[in-house]
Each structure stands twice: as C-alpha cells, then as structure tokens.
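We count residues from 1, following the sequence as given.
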Amino acid sequence: MNYPLISEYVDAIRSAEDNFDKLSDLRPVLDGNGNPVMSSGNFAVVFKMKDVMTGRMYAVKCFTREQEGREEVYRQIVDELELVQSTYLAKVRYYDHELFVDTNSSDDSEFPVLLMDWVEGETLDRYVRRNINDTYALEMLAYNFSRLAMWLLSQPFAHGDLKPDNILVQADGSLTLVDYDGMYVPAMQGQKSRELGSPDFRHPLRTDDDFNEHIDDFPAISILLSLRLIAADPSLLDSYGASDRLLFAESDYRDLSSCTLLKNVFPSHDVDINTLVSLFTIADMHKSLSHVSFRLLAVRKPQKPEKIEILSTEVTEDDLANAVEDEFGAKYSKDGKRLLKGVNIKEYNIKEGTKVICNFAFMGYKNICKIKISNSVTKIGACCFMNCYLLKDVKLPNTIREIGMGSFFKCLSLAHLDIPKSVSKINGNPFILCKCTIASSSPCFVVKDNNLYSADMKKVISYRTNKSKIIIPNSIIIIGKSAFAWNQSIKTIQIPTSVKIIEDGAFLRCDSLQDIYIPDTVLCIGDSAFSIDGLKSIRLPYAEFNGDIILGKNKWCDGFKIIMPHGSIQRFKELLPKYKNQIVEETIF
C-alpha cells in the first residue's frame, strides 16, 4: 500500500471536520504562521489536534510508509494497554480507514491514523541540556527515570525503542513514554521485532529474534547510568556526549572493558553510581536484567536545596556608618546578619543569627585566642582571621557553606581545623602560612597528606606539605588560586600534562623555585601565578585558547630566562612586549 505525501496530509488535516470519519470533532492546532503544529519521522507525521467539544488535546499520527501487520500490531497494543493505569503511558487508539486524503501517491483515499493523548513536554535529551547547570533538576530527572525504569521492567510488555527522543519530560518533572511502534506485548510472543531501536541505546547483539519483555532492560540502565553521571558531573556531557545521544555510544557497548568513560567514573564515591555500573555490566553480558531485581535500579531522591540568602562579605563605608556595636565593640550590620568588624580581645562569641563573617573582620588582631562561631553562620569571608597569630581555638559549625580566600592566613597557633560536611565552596587557599592539620567531612573536598583537593582530585586547593620536590598528581586539571603560595620549601615541581589551568597566585612567593617547566597542555595562566623572587628560568607552553595563550598579568621579576616553544615567540612578544628582551633561547620541544 502506498501512502500520501506529508503535504497531502497537511491539506487533509486543514479540513479535518470534512475528512475525518469518527474523529470529526478534531481540529488542527495552528502555529504563529497559521500552519498545523506537526512533527515528522521515518514512518509517520504527527499533528497536534484539539477536540472542539471537550477542549482536550490529542496527537494524530498519520503514516507515510507501509508496515506489515500494522493494524494487528496496534490492536494487540491497544488491548494490552487498555487497562494499564499509568502516567508513564499515553492512551492510544488505532482507527483504520479514518482519514480521507486527496492524494496522487495511492489508489486509496482513506487511511489509518493513530490517536494518542497529547503530552505537553520536551524530550529528555533537550531537558538535560536546558538544565545542565541545575544540579537539583538533573538529580530529580535521574530519580524520576529510575522510578519509570523500575515500573517498566516489572511489566509483561516493553516499549521496544527506549531512547531520550521517546521520553517526554513534563513541566512538573513527570515522564511519559511516546511512540509505541516497536512495542512488545505478551500477545506477540514468538514474533520477530519490527524494529531494533537506536544503535546508541540498544544492546549491540540484539537481533529481530530478541523480542520479549526484557528488550528495554539494556537501554533503561544505559540511560539511567548516563543521567546519574551527568547529575554528578555535568561536564561529562560535553566530554562524552553528542547531539543525538547521552554519554554512551554503540562502540562503548561492544567493549565495555575499553570504555574510557567507565574507567574515569568507576569506582565512585557515589554508591548509586557504583550500583548502576554493576547493573550496566550485567545487562551488557546477558542482554537483560532478568537475573536481578528491578528494585536495584532505585536511586536516592535528592533533597530540594533550600533557598540561600545571598549576603555579601564585602564591607562598605555605608555599612560601617550604619553599624550596630555590641557590648564588646564588635560591629554588626543593622539586621544583625553580618559581622562587619570583630574585636581584639582574648575570647569572643559571635552572636546567634549572624550569617556572614565579613572579609578582614578579625585581621591582625593579635590578642584573639578563642572564637566561638554561632550555628547560624553560613559564610566566612576572605582573610577574616588573617594574622591572628594566637588564635588556637576555633570550630567551624556544620552550617558553614563557604570559606573565603586566606581566611586562616598565618594563623600560627592554630593546631587543627575540621572542614564540616556542609561546606560546598572554598574560594582559593584558606590556609596560606597556616601550619595546622586539616580534615574534611565535606563530600566536595578530600585531604591527602594534609593537602586539600576537590573530591574528584581534579583541583588542588591548598598544598601544605613542606617538601623540596613536589610531584602533582596526574589527575589534577586545575592548580587553584594561591594553592602553593608562600611555600618556601619547594625547590622543584613537576606539573603533569593533565593540568590545563593555573589560577591567580598559584605559586606566588614560592621563592625557592628557580626553574619552572609548564607543559603545553596548560591553556590559562592567572595573574601573579609565578611572581617569584629568584626565578632563573620559566618554560612557557605553546597553547591556544580563543586563538591566544592567556598569560594574565603576571608580575614576574625582571631578568629571568623565558624559554619558548618553536613558533610562539613572536606571538608572545606581541602579547607582552615588556618581556621581549628576556627571551634568550628558542627551543624546539
């Protein structure tokens, strides 16, 4: 049987009241240009329609290519789903000889349509990309999909073409499956698959003989694992994803032992991820998850983040002019939420209700020995305890979310400090010239050899070991702001090729360093990153970032030797002419 062209269907739909048989109450929904709202695929075109009697919205699917046994297939699907009550599925009905179309493509004039409830939403892949910077939205999506997957894998039927394009995310976050052309229901037992699904989501060994209630197992765990990984690290989508898939490709499925993504994410600190990777491996080996409980696909429901009041740590003249002093002379903002200026006494208790300890609040107070931080404080500003030489007793409450740059700079008497689990942000190095031991209960940070790193070991935040030779771990991508600053013990340092960014002041006043080799992988060097007295030579990388290597405004001392890779010297002279006479050697690396 031949079918009409899409343009012929459009003409028929425009006069729906005259061309439909049983569905004559339907009218096309038009876009801003007066054209029917529609979408097309390989086998069909779908129109958005409105029932003028009830106001309900529907999707009418009109077929453009022949599929053998379509009528019987949809009769079986409709019979199976008729009594299924679930928001995961849209109601579907098949009408044969329903739509009259004036066509030159076929000898017939009446054609079948599929009627479905209209689901207002966006495809799962578009939702992911639109919310890529919203951690809670991504975590909720993974949670909601895990609920859908557990439900689907417990059913006697299967969708058959499970992929992001066929999963709609509604405004409230609920999920609905669409496009049931490849569906399996028990009445089809013994038949062959009508379609195999997208290669980037189906099992690599699936054939048309694999047609049962377990054909969704593999794509379900692949999608769920991808969503959970993206929620934990959104940058993975840029590194491993593509416009028509999530993280995994067909080539990954054929040899999971060589899958770079799995090697980088497993094992994980996240129990859910470890469980899903294990299930993914099982599904890859067996083509299904029939050997395990579908309940293992459950992931934890995320806690909705509380709305955080943004309070500045900066103190202005107006702040001080309108400050309220307590009985000890400490100055607070009028609402009592910000401690603007502390006091230089032996012991001080920060008042309940205080949210922020502002920048430099106690800087240089040499009498302060003990500070009690109230359980209301959420943020510690930059350099707030800088040069408090006698401060030895301070405990950070489990309400602190953010710690500022240099907050414990040169606190020489401080012996130990715990970073509570509530801390999610550390701005630069809080512990410059502070010899205390540190520990971290925060899931965002890890301490190794008394050095502070991000939990994924991709960023060094505070390097505090007094060794003359430093080898930075190969996992490090970012050397953080002032991470090594004022470390006088370092004489040689090995920067691995994994490093791409060296932030402001990273090696500021590491005056024992004389020769520095920066690998070509480094794309960005921040302001004063190598402001070092006594520097003899520095090898700069040959790299491009938006066309140029970014050198920042480094305040290097004069007279040291600059070694440049072949071909980059002229460009460097144009960027920073101040140093052009210090290039004494052109070396090919």
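- With a 4.5 Å cut-off on side-chain heavy atoms, Arg194 and Phe211 count as touching.
- Side chain to side chain, Glu72 and Gln76 meet the donor-acceptor criterion of an N or O pair below 3.5 Å.
- With values rounded to the nearest 0.5 angstrom, Asp11 atom CG is found 12.5 Å from Ile6 atom CD1.
- Salt-bridge formation is not detected for the pair Lys163/Asp200: no Lys NZ or Arg NE/NH1/NH2 atom is positioned less than 4.0 Å from an Asp or Glu carboxylate oxygen.
- For the pair Val84/Phe157, a side-chain contact is recorded, criterion being any heavy-atom separation below 4.5 Å from C-beta on.
- Separation of the Phe20 and Tyr95 ring centroids does not fall under the 6.0 Å cut-off.
- Taking the charged nitrogens against the carboxylate oxygens, Arg75 and Glu71 have no contact shorter than 4.0 Å, which rules out a salt bridge.
- A salt bridge is defined here as a Lys NZ or Arg NE, NH1 or NH2 lying under 4.0 Å from an Asp or Glu carboxylate O, and Arg202 with Glu195 fails to meet this definition.
- Tyr9 has its ring centre no less than 6.0 Å from the ring centre of Phe47.
- Both the sub-6.0 Å distance and the 45° axial angle are satisfied by Arg70 relative to the ring of Phe63.
- The side-chain heavy atoms of Leu26 and Tyr58, taken from C-beta on, include a pair separated by under 4.5 Å.
- Counting only N and O atoms by type, the side chains of Asp270 and Ser268 include no donor and acceptor under 3.5 Å apart.
- Under the 3.5 Å distance criterion, with hydrogens and angles disregarded, no donor-acceptor pair is assigned to the side chains of Tyr240 and Asp252.
- None of Phe201, Phe248, Tyr253 except one satisfies the ring pair (Phe, Tyr, Trp, His ring centres under 6.0 Å) rule with Phe218; the exception is Tyr253.
- Between Asp117 and Arg93 a salt bridge is recorded (basic side-chain N to carboxylate O distance below 4.0 Å).
- Using a 4.5 Å heavy-atom cutoff, the side chains of Leu138 and Val128 are in contact.
- Lys458 and Asp233 are joined by a salt bridge, as a carboxylate oxygen and a charged side-chain nitrogen come within less than 4.0 angstrom of each other.
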